[in-house]
Trainee: 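Below is the structure I would like to discuss, written out as structure tokens.
None of these values were measured; they are calculated from a predicted model.
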Amino acid sequence: QVQLVESGGGLVQAGSSLRLSCAASGRAFSMYAMGWFRQAPGKEREIVASINWSGATTYYADSVKGRLTISRDNARNTVYLQMTSLKPEDTAVYYCAASRRAIATMIGDEFHSWGQGTQVTVSS
């Protein structure tokens with residue numbers, strides 16, 4: 001089992017940037033794909049980005065393409081989500097999760113071992 005702890009959220013104005021971090025401990029972090037999800041009030045949780053075990057392959061939801069970038073540092077057991085040009089509709093709790101496989105996927109059911117989440121609030 002892997003334990004995940006997110007950090008880096010906050011209250012920012014529209015157009016600002018934030019970088020979220022997710023520190024992992026436990027099983028071999030570098031063997032598995034990782035993903036970032038978000039859940040806005042009253043909405044279902046959605047996946048926004050995923051990255052394969054090596055960092056060479058990434059996928060994004062259409063709503064965040066060109067604004068969010070997922071990356072990982074396997075030496076530090078950490079995955080990041082760089083967020084730029086933030087919009088009020090990006091307001092949500094952001095979670096990282098570990099996949100059961102090494103390849104990247106945008107299928108939410110492939111992920112498990114959720115962190116506690118970090119709040120991102122974007123004001124207009």
Trainee: For I51 and T57: C-alpha separation, side-chain torsions, deciding distance, then whether side chain to side chain contact (heavy atoms under 4.5 Å, CB included) applies.
Mentor: CA-CA 6 Å; I51 189 166; T57 302; over 6 Å; no

Trainee: Side chains of Q119 and T121: donor-acceptor distance under 3.5 Å anywhere?
Mentor: yes

Trainee: Rounded to the nearest 0.5 Å, how far does OH of Y95 lie from CZ of R38?
Mentor: 13.0 Å

Trainee: For residues 58-66, tabulate all N or O donor-acceptor pairs below 3.5 Å that involve a side-chain atom, not counting sequence neighbours.
Mentor:
residue	atom	partner	partner atom	Å
Y60	OH	I70	N	2.9
D62	OD1	K65	NZ	3.2

Trainee: Looking at OG of S16 and CG of D90, how far apart are the two atoms once the value is rounded to the nearest 0.5 Å?
Mentor: 11.0 Å

Trainee: Rounded to the nearest 0.5 Å, how far apart are CG of L81 and OG of S71?
Mentor: 8.5 Å

Trainee: Mark yes or no for whether T118, through its side chain, and G9, through its backbone, hold a donor-acceptor pair below 3.5 Å.
Mentor: yes

Trainee: When you measure from the side chain of T84 to the backbone N and O of S17, does any donor-acceptor pair fall under 3.5 Å?
Mentor: no

Trainee: Between the main-chain N or O of Y94 and the side-chain N or O of Q39, is there a donor-acceptor pair closer than 3.5 Å?
Mentor: no

Trainee: Same cluster for W36 and L68 if Ile/Leu/Val/Met/Phe/Trp/Tyr side chains link at under 4.5 Å?
Mentor: yes

Trainee: If you look at every heavy atom in A24 and V2, which pair is closest and at what distance?
Mentor: CB-CG2, 3.9 Å

Trainee: How long is the straight-line distance from OG of S124 back to CD of E89, given to the nearest 0.5 Å?
Mentor: 10.0 Å

Trainee: Could you check whether W53 and F29 have their ring centres less than 6.0 Å apart?
Mentor: no

Trainee: Search all heavy atoms of R76 against all heavy atoms of T78 and return the closest pair with its distance.
Mentor: O-OG1, 2.8 Å

Trainee: Distance check, rounded to the nearest 0.5 Å: S25 atom OG versus Q3 atom CD?
Mentor: 4.5 Å

Trainee: Assess the residue pair L18 and V122 against the criterion (side chain to side chain contact (heavy atoms under 4.5 Å, CB included)); give the C-alpha distance rounded to whole Å, side-chain angles, the decisive distance to 0.1 Å, and a yes or no.
Mentor: CA-CA 10 Å; L18 276 176; V122 184; over 6 Å; no

Trainee: Using only atom types and a distance under 3.5 Å, with no angle test, would you say the side chain of E6 pairs donor to acceptor with the backbone of Q116?
Mentor: yes

Trainee: Ignoring hydrogens, what is the shortest heavy-atom contact between I47 and M106? Give both atom names and the distance.
Mentor: CG2-O, 3.4 Å

Trainee: So how far is it from E110 CD to T105 OG1, rounded to the nearest 0.5 Å?
Mentor: 5.0 Å

Trainee: Within the side chain of R100, is there an N or O that forms a donor-acceptor pair under 3.5 Å with the backbone of D109?
Mentor: yes

Trainee: Please check if any side-chain donor atom of Y80 sits under 3.5 Å from a side-chain acceptor atom of R19, or the reverse.
Mentor: no

Trainee: I'd like to know if F111 and Y32 are part of one continuous hydrophobic network [Ile/Leu/Val/Met/Phe/Trp/Tyr, side-chain heavy atoms within less than 4.5 Å].
Mentor: no

Trainee: Go through it in stages, so that I can follow the logic: the residues are W114 and C96, the test is side chain to side chain contact (heavy atoms under 4.5 Å, CB included), and I'd like the CA-CA distance, side-chain angles, deciding distance and then a yes or no.
Mentor: CA-CA 6 Å; W114 304 90; C96 67; over 6 Å; no

Trainee: When you measure from the side chain of R67 to the backbone N and O of S85, does any donor-acceptor pair fall under 3.5 Å?
Mentor: yes

Trainee: So, the side chain of R72 versus the backbone of N52: is there a donor-acceptor pair under 3.5 Å, distance only?
Mentor: yes

